[in-house]
Structure formats: structure tokens, C-alpha cells
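A short write-up of the structure that comes next.
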Amino acid sequence: MKVKPIKVEKQMSWTPGQEFYYMFFRGDDGKSYRTCLSPSCGNFKRWRPIIDRIQSGLKDIWLDGIIVRGKNLIDADSMFTVVS
């Protein structure tokens with residue numbers, strides 16, 4: 001599945017001094033999706049460049065190869081590619 005990242009929200013964890021990110025997407029099917037990302041997880045290295053692009057205002061990118069779990073949750077372990 002292809003998705004377009006539209007927003008990133010940085011949150012503080014319940015564990016003092018730790019943070020995580022909610023990332024929101026629009027799918028090529030028109031539906032909304034989200035995922036939760038933590039710097040303490042190994043998959044974060046893959047997502048960091050995308051987070052940086054979104055936070056700097058560059059939102060015209062699409063990710064392909066995204067796996068959706070449940071109704072609207074993106075699997076953060078998806079091995080995506082940037083297609084634009």
C-alpha cells in the first residue's frame with residue numbers, strides 16, 4: 001500500500017526523559033492511517049529521515065510497501081520505499 005505522511009506529533013513518554021512520535025498518513029485509498037514510533041526501537045532508523053522531512057515542511061512524499069494492521073494502524077516494521 002502507498003501512503004503520504006501528513007503530520008508528526010512528538011510526545012513525551014510516561015517513562016521520564018523518553019519521547020515517541022505519532023505519525024499520521026493519508027493512504028492512496030483516501031483513508032487515514034497512523035503509527036507510533038519510538039527512538040528506542042530498531043525500526044526508528046528507517047523512519048527518522050521521513051520524520052525530519054515532515055517536520056521541515058517537505059510533505060510531498062509517498063511511501064510504498066506499507067503494511068496495515070487492523071483498521072487504520074500502520075505496522076512500523078514495514079519495509080517501505082520512498083517513491084517521490
Side-chain angles (χ1 to χ4, degrees):
M1 165 174 231
K2 290 183 186 176
V3 297
K4 181 178 183 175
I6 55 173
K7 185 169 125 179
V8 175
E9 291 181 0
K10 186 176 180 179
Q11 303 287 321
M12 291 308 294
S13 174
W14 293 340
T15 305
Q18 292 194 1
E19 60 190 26
F20 66 95
Y21 297 83
Y22 284 122
M23 186 175 247
F24 301 91
F25 306 86
R26 176 72 58 198
D28 58 0
D29 59 0
K31 295 181 182 178
S32 296
Y33 297 92
R34 64 186 169 91
T35 195
C36 185
L37 305 164
S38 172
S40 64
C41 294
N43 61 13
F44 191 77
K45 287 185 263 182
R46 185 169 44 251
W47 288 98
R48 183 81 234 187
I50 306 303
I51 292 169
D52 291 343
R53 286 178 73 171
I54 299 305
Q55 288 180 328
S56 69
L58 300 173
K59 296 182 180 180
D60 195 23
I61 59 173
W62 285 85
L63 307 177
D64 193 11
I66 295 294
I67 298 169
V68 176
R69 304 280 185 209
K71 187 175 178 181
N72 67 341
L73 296 175
I74 288 179
D75 185 343
D77 289 329
S78 298
M79 297 300 290
F80 62 84
T81 56
V82 177
V83 292
S84 64

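The figures here come from the full heavy-atom set of this structure, side chains too, leaving out hydrogens, waters and symmetry mates.
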Side chains of Lys31 and Asn72: closer than 4.5 Å at any heavy-atom pair?
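No, their side chains stay 4.5 Å or more apart.
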Which residues share a side chain to side chain donor-acceptor pair (under 3.5 Å) with Asp52, sequence neighbours left out:
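Counting only residues at least two positions away or on another chain, Asp52 forms a side chain to side chain donor-acceptor pair (under 3.5 Å) with Arg48.
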My understanding is that only residues two or more places apart in sequence, or in another chain, count here; which of them pass side chain to side chain donor-acceptor pair (under 3.5 Å) with Arg69?
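By the side chain to side chain donor-acceptor pair (under 3.5 Å) rule, Arg69 matches Asp75.
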Determine the minimum heavy-atom distance between Met12 and Gln18, stating which atoms define it.
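Of all heavy-atom pairs spanning Met12 and Gln18, the closest is CE-O, 3.4 Å.
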Heavy-atom closest pair, residues Gly65 and Ser78
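Taking Gly65 first and Ser78 second, the nearest heavy atoms are O-CB, 3.9 Å.
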Does Phe20 have any ring-ring contact (aromatic ring centres under 6.0 Å, His included) partners at least two apart in sequence or in another chain, and if so, which?
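Residues passing ring-ring contact (aromatic ring centres under 6.0 Å, His included) with Phe20: Tyr22.
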[X] side, atom [atom1]; [Y] side, atom [atom2] - distance, nearest 0.5 Å:
| X | Y | atom1 | atom2 | value |
| --- | --- | --- | --- | --- |
| Lys7 | Met23 | NZ | CE | 12.0 Å |
| Lys4 | Asp28 | NZ | CG | 12.5 Å |
| Asp60 | Ile54 | CG | CD1 | 9.5 Å |
| Gln55 | Glu9 | CD | CD | 11.0 Å |

Salt bridge (Lys or Arg N to Asp or Glu O under 4.0 Å) with Asp29: which residues, sequence neighbours excluded?
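Once residues adjacent in sequence are excluded, Asp29 has no partner under the salt bridge (Lys or Arg N to Asp or Glu O under 4.0 Å) criterion.
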With hydrophobic residues grouped by side-chain heavy-atom distances under 4.5 Å, do Val82 and Ile51 end up in a single group?
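Yes; tracing contacts between hydrophobic side chains, which count when under 4.5 Å, links both residues.
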What about Tyr21 and Phe24, same hydrophobic cluster or not, with Ile/Leu/Val/Met/Phe/Trp/Tyr joined at side-chain heavy-atom distances under 4.5 Å?
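No, because Tyr21 and Phe24 fall into different hydrophobic clusters, even though each may have its own neighbours under 4.5 Å.
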Write out all pairs satisfying ring pair (Phe, Tyr, Trp, His ring centres under 6.0 Å) with one or both partners inside residues 58-84, taking only residues at least two apart or from two chains.
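Applying ring pair (Phe, Tyr, Trp, His ring centres under 6.0 Å) to every pair that reaches into residues 58-84, excluding sequence neighbours, yields Trp47-Phe80.
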Please list, one pair per line, the donor and acceptor atoms closer than 3.5 Å that link side chains of residues 34-44 to other protein atoms, with sequence neighbours excluded.
| from | atom 1 | to | atom 2 | distance (Å) |
| --- | --- | --- | --- | --- |
| Thr35 | OG1 | Ile74 | O | 2.9 |
| Ser38 | OG | Ser40 | N | 3.2 |
| Ser38 | OG | Ser40 | OG | 2.8 |
| Asn43 | ND2 | Ala76 | O | 3.2 |
| Asn43 | ND2 | Asp77 | OD1 | 2.9 |

Stepwise side-chain contact (heavy atoms from CB on, under 4.5 Å) check, Ile66 with Tyr33:
CA-CA 11 Å; Ile66 295 294; Tyr33 297 92; over 6 Å; no
